[in-house]
Every structure is written in structure tokens, then in C-alpha cells.
Amino acid sequence: QVRLVESGGGLVQAGGSLRLSCEASVNIFSINAMGWYRQAPGKQRDLVADITSGSRTNYADSVKGRFTISRDNAKNTVYLQMNSLKPEDTAVYYCNAKVLVPTMTTTYNYWGQGTQVTVSS
């Protein structure tokens with residue numbers, strides 16, 4: 001069981017910055033990958049960025065060069081630094097953790113409660 005607690009959302013002007021935090025209830029060494037997804041009204045939940053236990057990162061094309069995902073293992077926390085924010089970044093941002101069980105060919109997904117990010121023009 002993994003519990004995820006998100007924080008850092010809010011209202012900013014276009015061009016501004018926010019840093020989202022996601023603290024896990026377990027040592028994040030035990031989590032295969034953690035990431036951030038976002039969902040705007042009327043749209044699907046899409047991957048923004050993720051980071052593996054080996055610190056490999058992946059970003060959606062729409063945020064490359066603007067967002068940076070990182071992890072602090074001592075604090076069991078993953079961050080999403082968001083710079084040069086645009087109105088189209090407005091969404092609820094969800095933290096995600098994936099735990100792979102190879103013998104079961106199963107991946108367990110855990111989700112945070114979501115944090116609202118609103119970018120004004």
C-alpha cells in the first residue's frame with residue numbers, strides 16, 4: 001500500500017512558476033516509477049512527466065524545456081518544477097506511483113488526491 005500526498009498547486013500568472021510536491025508513505029526506492037499526470041475539464045488524464053527508480057525521466061512534448069521532475073529519496077518526495085507556465089497548463093495535477101510485480105505480470109497504480117493548478121493569461 002502506497003499513499004501519496006500532493007501539495008504546491010495554486011494560481012499563477014502566465015510566465016510564472018510553481019513547484020508541486022508528492023510525498024510517498026514508503027521509501028521511494030521501492031517504487032518502480034513515479035510521475036505527474038494532469039486532467040483538464042472534459043479531457044482525459046495525460047502523463048506530464050515521470051521518473052524511474054533509476055532516475056530516468058520522461059516528459060510530454062508540451063512541457064519539455066519548461067518542467068523538471070526530480071526526486072529526493074531521503075524525503076520520499078517527488079517534485080515537479082513548472083516554469084514558464086501557460087494558460088493551457090491549467091488542470092488538476094495528480095501524483096502517480098507504479099509498483100511492478102513481475103511474478104504476477106501486474107503493475108499496481110497509486111494516485112494522489114490531485115492539486116489544482118490555474119494559470120491566468
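Starting from 1, each residue takes its place in the sequence as its number.
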Distance check, rounded to the nearest 0.5 Å: [X] atom [atom1] versus [Y] atom [atom2]?
| X | Y | atom1 | atom2 | result |
| --- | --- | --- | --- | --- |
| Ser25 | Leu4 | OG | CG | 7.0 Å |
| Thr57 | Tyr59 | OG1 | OH | 4.5 Å |
| Cys95 | Glu23 | SG | CD | 10.5 Å |
| Ser70 | Ile51 | OG | CD1 | 6.5 Å |
| Leu11 | Leu85 | CG | CG | 11.0 Å |
| Ser55 | Asn73 | OG | CG | 7.0 Å |

Just by modelled atom types, is the [Y] backbone N or O under 3.5 Å from a matching donor or acceptor in the [X] side chain?
| X | Y | answer |
| --- | --- | --- |
| Gln113 | Glu6 | yes |
| Arg66 | Ser84 | yes |
| Thr77 | Asp72 | no |

**Asked** Going hydrophobic residue to hydrophobic residue with side-chain gaps under 4.5 angstrom, can you get from Val78 over to Leu47?
**Response**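 No: no chain of side-chain contacts under 4.5 Å links Val78 to Leu47.
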**Prompt:** So which of Thr107, Leu100, Val101 actually passes side chain to side chain contact (heavy atoms under 4.5 Å, CB included) with Met104?
**Reply:**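 When Thr107, Leu100, Val101 are each tested with Met104, the side chain to side chain contact (heavy atoms under 4.5 Å, CB included) holds only for Val101.
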Would you indicate whether the side-chain heavy atoms of [Y] and [X] approach each other to under 4.5 Å?
| X | Y | value |
| --- | --- | --- |
| Met82 | Val117 | yes |
| Asn27 | Asn76 | yes |
| Leu20 | Thr115 | yes |
| Arg71 | Cys22 | no |
| Thr68 | Leu80 | no |
| Gln1 | Tyr110 | yes |
| Thr90 | Glu88 | no |
| Tyr93 | Val48 | yes |

**Asked** Does Trp111 have Arg3 sitting over its ring (NZ/CZ under 6.0 Å from centre, angle to axis within 45°)?
**Response** no
If you look at every heavy atom in [X] and [Y], which pair is closest and at what distance?
| X | Y | result |
| --- | --- | --- |
| Ser17 | Val12 | O-CG1, 3.9 Å |
| Ile69 | Gly35 | CD1-CA, 4.1 Å |
| Lys98 | Asn96 | NZ-OD1, 2.9 Å |
| Ala24 | Val2 | CB-CG1, 4.5 Å |
| Ala91 | Ala40 | CB-N, 3.9 Å |
| Tyr94 | Gly112 | CD2-O, 3.7 Å |

**Prompt:** How about Trp36 and Phe67: are their ring centres within less than 6.0 Å of each other?
**Reply:** no
**Inter- and intrachain pairs under salt bridge (charged side-chain N to carboxylate O under 4.0 Å, His left out), touching residues 48-61, at least two apart** = Asp61-Lys64
